[in-house]
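A short worksheet on the structure shown next.
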Amino acid sequence: MFKFLWRKLRLAHLRKKNPLPRMYRELSPDLEVNLTAIRRELGASPDLIIRRITVGSAPATTGALLYIDGLIDQQIVHRDIISPLLNGEKGRKGQDSKGLLEYLVRQVLSVGAVKKEPKFEPVVQALLEGKTVLFLDGQAEALLLATEGWEKRAINEPDAERIILGPHEGFTENIRINTALLRRKITNPGLHFEEMKLGRRTRTTVAIAYLKGIVNEKLVAEVRSRLKRVNIDLVLDANYLNEFISDAPFSIFPTVGFTERPDVTAAKLLEGRVAIFVDGTPVVSTVPVLLVESFQSPDDYNFPYYYATFIRWFRYISFVLAVLAPALFVALGSYHQELIPTPLLITIKSATEGTPFPLVVEMVMMGAVFEIIREAGVRLARPVGQTISIVGALVVGEAAVTAGLVGAPTIIVIAITAIATFVVPDLLGPGIILRLFFTILAGVFGAYGILIGLLFILLHLTSLRSFGVPYLSPLVPLSPGDLKDVLIRAPIWAMRTRPRLIGWSQPERQPFGFGSSGTEEGEEGEAEDGG
Amino acid sequence: MDQGRISAGQLTLLVMSFTIGSWIVLPTGLQSGQNIWLIILFGLGGGMFFACLGLLLYRRFPGKNLFEIHELVFGPVIGKFFSLLYLWFFLQTGGGTLGVFVTMLKSTVFTATPDLALLVPWVIIVIYGCRRGIEVIARSNQPLILATVGLILISILLVLNIFEADNLLPFLDKPFSRIAWDALGVAVFPFGQGVIFMMILPRVNRQQKVAGAVFGGLIGAGLVLMIIQSLAVGVLGKVAEVLVFPTYEFYRIIDIAQVLTRLELIPLLNFLTMGFIKIMLCLYALAFGTAQLFNLRTYRPLAIPIGVLLLVVARRIFPSVSEHMRYFEEVQPYYGLFFCLVLPLITLGTALLRGRARREMAP
Amino acid sequence: MIVLMILIFLLLFLWEAPGLMAQEYWRELAVFTILLIVGLVLSLLLLTGVKLPYIESFWLNLFEKIV
Amino acid sequence: MADDRRKNRIFRGSLGLLLLSLVLSGGCWDRRELETLAVVTGMGLNYAAQGDGYEVAFQIVRAAQLQSASGGAGGGGELKPVWILRSTGPTVFEAVRNATFQSSRRLFLSHNQVLIISEAVAKGGLLPALEFFVRDHEPRNTQWLLLTPDEPVEILDAAAGLERVSALAIVDLMKQYQLTSKIKPVYLADYIKTRIEKTTANTLPIIRIYETAGKKELLLDGTAILKEDRLVGFLDHKETRGLLWVLGEVRGGVITVDLPGGGKATFEIFDAIPKVKVEFKEGRVQVKIEIKERAGLGAQTTYADLSTPEQFKKLENLQTKAIEDEIRAALAKAKAYKADIFGFGEYLYKHDHRTWQRLQKEWERYFVDAQVEIKIEAMVEELGLVTRPATYRELRK
């Protein structure tokens, strides 16, 4: 306790000693002062380009263009800023320096977004964001010219969320492109973005997106206030924020959803959820999130409903298998042999005869080996990774069995589990943890242990909430109307209401059935459902 | 205290789980053999009567739980004494369920494991659930009772080929007094133990639906118990009378094409999950009631020590199953009647006698 | 074994007490502590093999004496 | 505040882990690894040769041997797939435990499939010997009970035709009883269930050994009758089926009749539904048995054309008579042993328990005295794949 208090005090002290960078200092009318200040702020960075120019001729005003190389679009700067400034201004005379800035903005510069800025700090920030800054001597204001342009990744399909049918585009690292991708999906004035800068040092752009009219305003306010409370040094990925704003930071279950797909995001917004975009990452968080969402794939909505239902059930089964198969095998194999049918028992027994370790140890050991192989396969370059998997899976497994270290059934169970784990990628982490948890419990108490684990997880899940929505809904508490997208994937025309607990402010999506789709509501309903 | 709210539907399911509780594998009154369904029916009637009594009392003091009612009716001192009696009753109910639970596990699956090793993890999750409040208990109950009822319905299909309706005959071959006594036993336990819900009724969000929810739950539980015990007797015949756990045993006989066989985990699962809810509710009522007794602001910290007490009680509840059976045969009907008939009647009578003035005083 | 038991109860106390103290729930703390001590005493009695009466047997005997 | 709460939770979490590890550290009491088990598939019960008590024989599978069934490995190294063990003790339970003196592995009884009982035990009262199997949690109630006039050990040790483990072979023998319906398989649960009824007598199938080509093989041979837990007599195959007709357990099998003009015909039974009614009238127990049976012509040893409707009538009558014969034979045996194997008393109890209360003390007498009326409705429904034997027939004019 005391140690904790002491640490807290020290942190507060440190905060006082290192105040944040000088904010809101005014710019000076003197060009050289400004330039020096900027140089001092950014250090002797070679990528800071200072291009001195002279504007006008009669009273020629000296000025300087500043930008950071690599963050700007060279073409824009040359064509739309430098050349009009240098060429178009030769004939101009008698322009007093007071009106010069205004004049330049209105008649000379042909870039889009231009902003006058009298303060120092925003100027530096703008420079770092890829804007070009124009200082004129004698002006205590700078012009911020939107010239952002840098090398960016093309829009391609996210690796983590592959689908067979449907749109193959994913978000990129650029927040502007991402918001644009979303706008392309939802052409509706109700789509609002709210931007803020988070990360004391990285000043990362974070945007909240929601559909006005469908979203519950309280939810937006809650998201806003939780984001405002985030006091963090750096934001590199959506998860940096997720861990701050999640309802249950200690739970292994994700209470903030994430996706890399614009179509999924659009569908979630249309159900009344809020999305959080973070600049610099293709991952978009959506809240509130439910457990069942992890089992839904965009493909479910791109395939016929009967097939989608069928596949979804396989996903449920796979997850249960991935979590429980080793535990059940351990429980049956070392506690409840009477529950195995006799012929199967004899087969398993003959395969495990002479193995030196208890089944739990075998299972945990082989599970660990598998995790190592998987991790190595992910980290290494792709061709090498594949080799690793083959060597790992085949050679190690085969050798372990022939050497009599582990029984062949163990390898089979681990292999099935391993594959089943990947069917529900959203719950990969929880799945692995739960598997270990259940395996150990089964090793100690057999089926009783598994039951204890299940009850514990059930209690935990029922007490979880994600932004006020019970995590297990619509299963617990049961809302039968919402099971249309949980137990089955109902035909799209039959999914006429949004999830009750999330989209209750505007429950109806579309009239039931194939009716004429002239109305606004009907068109909204066409976006496929992701949640 | 607990701000959680549950819906009437959740209350129904809670009443069902609580009533099914441990009775599902260790039924009393199986001495009446094939007439078990009749006994459950009569018992259900008795249970409904007790519930009526409780609900009448509750209607007089809406929004108040049993302990608050006691204090309103008898004043703080005698009221607290009455509440203390009920605390003991809850403790014995919870401890008894826990005791049966350990006996069951020890005589079927975990013969070598010491009692404590089985009890401690169980009590830990019960405490965990209890501290999360009634809302979480009610919610986690939903899938459990659904699973139980589902499994029992599936069992009907599973035993179709070995079920002999003849085994439910003859009808009423025992003297009626015997059947009435057994029915009284069933009315008191498990149906009468529902008096514990007097602690939970104020937590329901739509008060006008409370009575329907309680009756619905009792009837549902009665049906489930009737089905499962009739199945057991229909499959086992008179052997059911000599078995300690007839429901468990009849699942062991199921053998469908050598694939669906060795299904004894089903009754164990039903029993454990239902018993889990029952013990959790007992602990909740105990912790909540104790907190109320001492005018505390939160009941949560009490879950741990009372959980420990439950554990101790569970180990000293009965020395053997036969003793337990004898207790249920001879004492429990009177003992239970005291708590689900006599005490509520006294309370109701006093409330009626002291009449208006009291009622107006009650906010 | 006795030491272990006391240790476990101490752990239980440590688990709950700081939170209660922080919120200044003194009454709660008192009731909690008393109940915990009762639990500890009973557990120790059980552990040391003192023959506590079985509850249901107790009622049975009482009942038989009355009738 | 929020920070505080998180901190508190971390503190509690670590305490919780400590507690959990305390609980888990002692774990694994009931664990038994597969490798350490000796899976018993068959057991035999006999009285001990010396002294008072039981001798229990175990058949334990050697799983590895059973799986590596690739022949040709031959040589002396190959062990038999089963290991036979015998032990004695004053009770069956103790005998089972005494087996641990010889077995390095724990005997695991949950997978026991058959219980072979020697005649001596059956004569001396079976339930005391079976008691352990019902009471203990390990053995299941779905073990087959068989009686043998030979030593139970020999049955367990016998070669079992195509199977390598005789117990498993017996299980299969039991399962295909409906091909003949001339054996009455009995589960342990069935035995107990019948035993607890007051008036019904038990039956057990009989298995014995016969030698052919110098090898010992298994043979199912009739049914034993146990009255009040003790062996009193036997039924042969025909009488066994007589019993099964009444109990409604004939699910198949063949029935052969002599044709009037010489030769025989064999029918395949499809199903048979009995309806039994027991009443007490005029001082006698009156039993009415009605059986509806359906069969098809399976084989004939004459050249006659049996496919005409008139012939069918005759065949049906012949069948009726054959079935009645079987039932009468069983009935006669049962009455001779004064053993109510049909459960007439139980029927009376279930449908008229007041009368039964009066009769149950002297049920034996009433049973022997019972008047049984048999009504059989046999139907021949199918011919197989030919209409008549492949003989030349003159065209009808």
Side-chain angles (χ1 to χ4, degrees), chain B residues 1 87-89 91-96 99-100 115-116 119-120 123-124 127 131 286-287 290-336 338, chain C:
Chain B
M1 297 279 262
L87 278 183
W88 170 256
F89 182 60
L91 190 67
Q92 197 183 329
T93 308
V100 169
D115 291 11
L116 263 188
L119 278 172
V120 169
V123 170
I124 288 177
I127 290 174
R131 291 168 63 97
L286 274 169
T290 314
Q292 215 157 47
L293 212 60
F294 293 101
N295 295 326
L296 305 186
R297 278 163 291 183
T298 167
Y299 74 95
R300 289 196 167 81
L302 301 187
I304 292 178
I306 295 179
V308 172
L309 282 183
L310 263 185
L311 216 153
V312 174
V313 169
R315 296 205 64 197
R316 300 305 286 190
I317 188 92
F318 48 79
S320 68
V321 182
S322 61
E323 184 102 352
H324 180 63
M325 299 290 235
R326 213 161 73 94
Y327 169 82
F328 268 109
E329 181 70 25
E330 293 174 13
V331 183
Q332 174 70 16
Y334 299 110
Y335 187 74
F338 179 66
Chain C
M1 233 8 226
I2 293 172
V3 177
L4 191 72
M5 188 67 95
I6 294 173
L7 198 76
I8 289 172
F9 276 81
L10 206 66
L11 276 180
L12 289 179
F13 183 78
L14 277 180
W15 170 290
E16 199 62 64
L20 289 176
M21 281 196 270
Q23 294 178 72
E24 302 192 333
Y25 276 16
W26 304 118
R27 268 179 88 89
E28 284 76 3
L29 188 64
V31 176
F32 168 78
T33 315
I34 291 168
L35 283 172
L36 202 62
I37 290 172
V38 170
L40 174 64
V41 169
L42 286 176
S43 311
L44 285 179
L45 286 180
L46 271 187
L47 196 70
T48 47
V50 175
K51 285 203 175 63
L52 296 173
Y54 284 100
I55 292 167
E56 288 183 356
S57 313
F58 172 78
W59 290 124
L60 257 175
N61 291 337
L62 198 72
F63 187 75
E64 268 162 18
K65 262 177 213 154
I66 294 169
V67 174

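As the structure is a computational prediction, the values presented were derived from the model and not from experiment. In what follows, every chain begins at residue 1, and chains take the letters A, B, ... in the order their sequences are listed. These values consider heavy atoms only, across backbone and side chains, with no hydrogens, waters or symmetry-generated copies.
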Contact winner vs chain B - Leu42(C), Val31(C), Leu45(C), heavy-atom pairs under 4.5 Å: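 Max contact count across the listed options: Val31(C).
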Please flag which part of [X] lies under 4.5 Å from any non-hydrogen atom of chain C: side chain, backbone, both or neither.
{"X": "Ile306(B)", "result": "side chain"}
{"X": "Leu296(B)", "result": "both"}
{"X": "Thr298(B)", "result": "both"}
{"X": "Gln332(B)", "result": "neither"}

Side-chain heavy-atom pair Val312(B), Ser43(C) within 4.5 angstrom cut-off: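 Side-chain contact under 4.5 Å: yes.
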Within-4.5 Å side-chain heavy-atom neighbours: Ile55(C) and Phe318(B):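 Ile55(C) does not reach Phe318(B) side chain to side chain.
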Report which part of [X] has an atom under 4.5 Å of a heavy atom belonging to chain B: side chain, backbone, both, or neither.
{"X": "Phe9(C)", "answer": "side chain"}
{"X": "Leu60(C)", "answer": "both"}
{"X": "Leu46(C)", "answer": "side chain"}

What residue in [options] has the most heavy-atom pairs under 4.5 Å with chain C?
{"options": "Tyr299(B), Phe328(B), Trp88(B)", "answer": "Trp88(B)"}
{"options": "Gly99(B), Gly96(B), Pro305(B), Ala291(B)", "answer": "Pro305(B)"}
{"options": "Ile317(B), Val331(B), Asn295(B), Leu309(B)", "answer": "Ile317(B)"}
{"options": "Arg300(B), Glu323(B), Arg315(B)", "answer": "Glu323(B)"}

Charged N-O contact under 4.0 Å between Arg131(B) and Glu16(C):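 Yes, this pair counts.
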NZ/NE/NH1/NH2 to OD/OE distance under 4.0 Å, Arg316(B) and Glu56(C):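 Salt bridge: no.
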Interatomic spacing from OG1 in Thr290(B) to CG in Leu35(C) - rounded to 0.5 Å: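 CG of Leu35(C) is found 6.5 Å from OG1 of Thr290(B).
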Of all pairs that satisfy ring pair (Phe, Tyr, Trp, His ring centres under 6.0 Å), the ones with a partner from residues 40-67 of chain C, not counting sequence neighbours: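 Applying ring pair (Phe, Tyr, Trp, His ring centres under 6.0 Å) to every pair that reaches into residues 40-67 of chain C, excluding sequence neighbours, yields Tyr334(B)-Phe63(C), Tyr335(B)-Trp59(C).
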Within 45° cone and under 6.0 Å: Arg27(C) NZ/CZ vs Phe294(B) ring: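 Output no; distance or angle outside limits.
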